[in-house]
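Only one structure is covered here, and it is reproduced in the block below.
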Amino acid sequence: MSFPCDRLEDILSGILDRVNQPNDIKKLSKKEYEALAMEIRRFLVINVSQTGGHLASNLGVVELTMALHLWMDFPNDKLVWDVGHQSYVHKILTGRKDGFQTLRQYHGMSGFPKRKESNCDAFDTGHSSTSISVANGLAKARDLAGEKRKVVAVIGDGALSGGMAFEALNNISRMKTNLMIILNDNNMSIAENVGGMASYLGKVRTNVAYTGFKGGLERFLKRLPGIGEIILNKLKKSKESIKHLFIPGMLFEDMGLTYIGPVDGHNISQMLTAFESASKVKGPVIIHVITKKGKGYEKAELDPCKYHGVEPFDLRTGNTFGQKKRTFTEIFSETMMEWFRKDSKLVAITAAMPAGTGLNRVVARYPKRCFDVGIAEEHAVTFAAGLAAGGFHPVVAIYSTFLQRAYDQILHDVCIGGLKVIFAIDRAGIVGNDGETHQGIFDLSYLCHIPGLTVMAPGSGKELKNMLEFAMTLNKPVAIRYPRGSAYERPEKLKELVFGKSEVIFETSSKELDICLFAVGSMVETAFIVGKRLEQAGYLVGVINVRFVSPFDQETILSFARRTKILATVEENVTCGGYGEQVAAFLEKERILKPKFLSFSIPDTFLEHGDIEQLKKKCGLTPDQMISSIQQVYQKITKLGN
């Protein structure tokens with residue numbers, strides 16, 4: 001049942017008020033389940049409209065989560081959510097309703113499972129295709145310890161397309177471990193699912209012939225006196241041949257898992273029956289449930305992709321608040337559209353994120369040259385290497401945090417061969433509310449030490465366009481990392497890109513300087529503000545746009561280090577392995593002792609969720625904090641000089 005946007009206030013029966021602790025749902029009567037599901041959906045829509053968050057995926061698993069909580073015992077039993085952004089209902093049912101007022105806010109409740117937040121969260125998740133591996137480990141740990149508990153993994157059909165999920169299935173079938181896998185099939189990841197697994201599940205999803213035939217045949221045979229049970233037992237022993245008649249491939253059974261389904265993922269009674277049946281089976285069981293992403297909120301049902309991860313919005317109109325400026329992602333999309341018209345060899349690859357990376361417009365206009373490989377970043381990169389080896393010019397658009405999963409493929413399959421592949425790395429730096437698992441603060445560290453890989457970082461929207469066009473002219477692998485959100489538009493004219501060279505934005509003096517700031521990408525705007533304010537305060541200042549983090553511009557560093565009292569680097573990357581560490585090591589190697597060196601970067605830690613500006617303040621990356629640090633160091637230097 002779906003409720004209209006203007007009737008949210010009517011859905012209130014007080015049942016949710018009685019669910020305040022783990023397992024409280026078991027105190028309710030069956031007649032109250034439907035009303036509770038409606039109240040939970042109302043709660044989700046109202047709260048997420050105020051804080052932002054993952055809406056459509058959570059609306060789709062309300063009954064599934066309720067059924068699991070009715071069947072399992074928390075915190076003893078272990079429930080592992082793949083990705084984890086669909087765990088909001090689980091949080092509601094485990095005593096965390098009040099936390100939704102601070103959902104995804106600094107020091108507030110995470111939008112993903114967190115063990116430090118509740119002992120009902122079995123594992124910290126955030127990336128796709130990990131749940132079956134984790135559940136296998138938890139189940140084996142249970143067995144080795146001689147304990148009794150249920151272990152369940154919930155994985156979506158999109159996440160099941162990831163190679164790691166197949167590795168886990170292969171291992172589970174070999175180990176014969178008792179655990180249950182819930183395949184939450186809504187025909188969506190973020191964008192619509194693609195590939196062979198999606199096609200296979202589509203056939204199973206629509207094949208009612210086998211399910212209907214099996215039930216009718218069993219009822220008929222049981223009515224036959226004497227021989228009915230004998231025939232039925234014979235047929236059960238030969239179930240493989242019957243299933244193969246009706247369900248193509250029977251992939252899961254062929255891998256050694258018992259398959260149950262498809263089951264209506266919005267029918268609690270059906271799911272509980274399936275769970276009980278699964279508990280009687282020895283070894284791993286996969287239960288295939290069909291759900292509808294966005295269920296219960298009309299706008300999310302009509303456009304589940306838009307409401308996958310949403311900013312605060314008007315729940316009646318569905319519109320997000322505030323006027324948005326042009327983003328780096330939009331500029332990337334526009335540039336790709338231009339170059340697809342110019343270069344017939346240009347191709348684009350995304351891993352289940354055509355809208356998030358800005359490729360959806362390109363896909364619509366050039367479908368034959370755009371490839372969505374599903375949630376499979378490793379394959380995406382090596383697939384691009386193959387295209388490059390075949391004479392095409394691939395652009396791989398992936399978020400920074402997800403590109404981590406393809407490190408070996410970048411190094412081994414692309415860079416060793418020096419293949420022309422462009423990595424468009426979106427969401428680099430601090431991304432904010434999704435927290436530790438999604439911050440793009442490690443890419444400079446894991447990319448810049450790879451020989452032959454050019455790593456660039458634009459300081460403005462215009463510069464991103466220039467860098468993409470420049471990368472098209474290079475016959476080598478290139479990575480361009482750019483941040484989430486609005487693109488900075490610099491007031492001064494950009495200087496021409498020269499390979500491997502930084503750009504001097506301004507310098508107060510051509511001779512001695514008090515402070516020189518070398519800023520990487522997203523921090524150019526901040527460095528410009530800091531530089532101008534220091535200049536107004538009477539300091540002699542230089543501000544440099546690094547542009548190329550690799551290759552490292554030694555010449556520009558040397559020229560300024562020799563005539564500057566304080567040299568500082570500014571970046572949205574962890575300190576270890578970042579640009580600042582490169583500069584510090586170079587200055588030490590060259591025995592340049594004159595400048596006092598400062599590194600403004602992200603501490604070597606996992607950065608929690610929160611507003612981007614709050615997180616920058618935590619890391620000491622606001623203009624006020626940087627100016628204060630620089631002035632303190634300058635005062636010490638001056639005193640020592642006197």
Side-chain angles (χ1 to χ4, degrees), residues 444-445 447-449 454-457 459 463 492 495-535 537-602 620-621 623 625-642:
L444 293 181
S445 301
L447 291 175
C448 287
H449 62 260
T454 298
V455 181
M456 294 190 278
E463 193 163 53
E492 65 287 332
K495 294 172 184 172
E496 183 182 355
L497 273 169
V498 178
F499 183 77
K501 293 299 179 182
S502 303
E503 176 202 22
V504 179
I505 297 177
F506 76 86
E507 55 180 317
T508 308
S509 168
S510 60
K511 296 181 180 179
E512 296 293 316
L513 291 174
D514 296 318
I515 172 71
C516 186
L517 297 160
F518 280 75
V520 178
S522 58
M523 295 305 293
V524 166
E525 179 180 9
T526 302
F528 184 83
I529 293 168
V530 169
K532 285 298 181 183
R533 284 176 56 182
L534 286 170
E535 187 181 47
Y539 293 89
L540 301 176
V541 183
V543 176
I544 314 300
N545 174 14
V546 172
R547 284 185 167 172
F548 292 84
V549 186
S550 181
F552 183 69
D553 184 1
Q554 298 182 3
E555 184 180 344
T556 303
I557 289 286
L558 282 173
S559 67
F560 280 92
R562 286 170 175 155
R563 56 189 179 91
T564 301
K565 292 187 177 71
I566 301 173
L567 192 147
T569 59
V570 191
E571 62 188 309
E572 272 190 73
N573 193 83
V574 292
T575 303
C576 186
Y579 177 71
E581 195 171 78
Q582 288 187 61
V583 173
F586 175 69
L587 293 176
E588 178 68 22
K589 178 184 175 183
E590 295 295 316
R591 300 185 182 278
I592 299 176
L593 304 177
K594 179 182 176 182
K596 176 68 178 177
F597 178 71
L598 292 178
S599 172
F600 293 103
S601 55
I602 296 168
L621 294 177
Q625 290 170 310
M626 291 169 59
I627 289 169
S628 176
S629 295
I630 290 167
Q631 288 177 330
Q632 288 177 30
V633 171
Y634 187 82
Q635 288 170 6
K636 289 180 181 179
I637 292 173
T638 304
K639 287 180 180 179
L640 288 172
N642 293 335

Can you find a heavy atom in the side chain of [X] that is under 4.5 Å from one in the side chain of [Y]?
X	Y	value
Thr526	Leu621	no
Pro595	Ile566	no
Lys565	Tyr634	yes
Phe552	Val583	yes
Val524	Ile505	yes
Lys636	Lys596	no
Cys516	Val541	no

Consider only side-chain N and O atoms of Asn573 and Ser445, and report whether a donor and an acceptor are under 3.5 Å apart. yes

Looking at Glu512, I'd like to know if its CD atom is crowded, meaning that more than 12 non-hydrogen atoms belonging to other residues, nucleotides or ligands lie closer than 6.0 Å. yes

Does NZ or CZ of Arg563 lie under 6.0 Å from the centre of the six-membered ring of Phe560, at an angle within 45° of the ring axis? yes

When rounded to the nearest 0.5 angstrom, what distance separates [atom1] in [X] from [atom2] in [Y]?
X	Y	atom1	atom2	answer
Phe600	Leu598	CZ	CG	5.0 Å
Leu517	Phe506	CG	CZ	8.0 Å
Ile557	Thr564	CD1	OG1	10.0 Å
Thr556	Asp553	OG1	CG	3.0 Å

Donor-acceptor pairs under 3.5 Å, side chain of residues 574-581 to any protein atom, not counting sequence neighbours: which ones?
from: Thr575; atom 1: OG1; to: Ser601; atom 2: OG; distance (Å): 2.6
from: Thr575; atom 1: OG1; to: Ile602; atom 2: O; distance (Å): 3.3
from: Glu581; atom 1: OE1; to: Gly577; atom 2: N; distance (Å): 2.8

Yes or no on salt bridge (charged side-chain N to carboxylate O under 4.0 Å, His left out) for Lys495 and Glu503, after CA distance, side-chain angles and deciding distance? CA-CA 7 Å; Lys495 294 172 184 172; Glu503 176 202 22; 5.5 Å; no

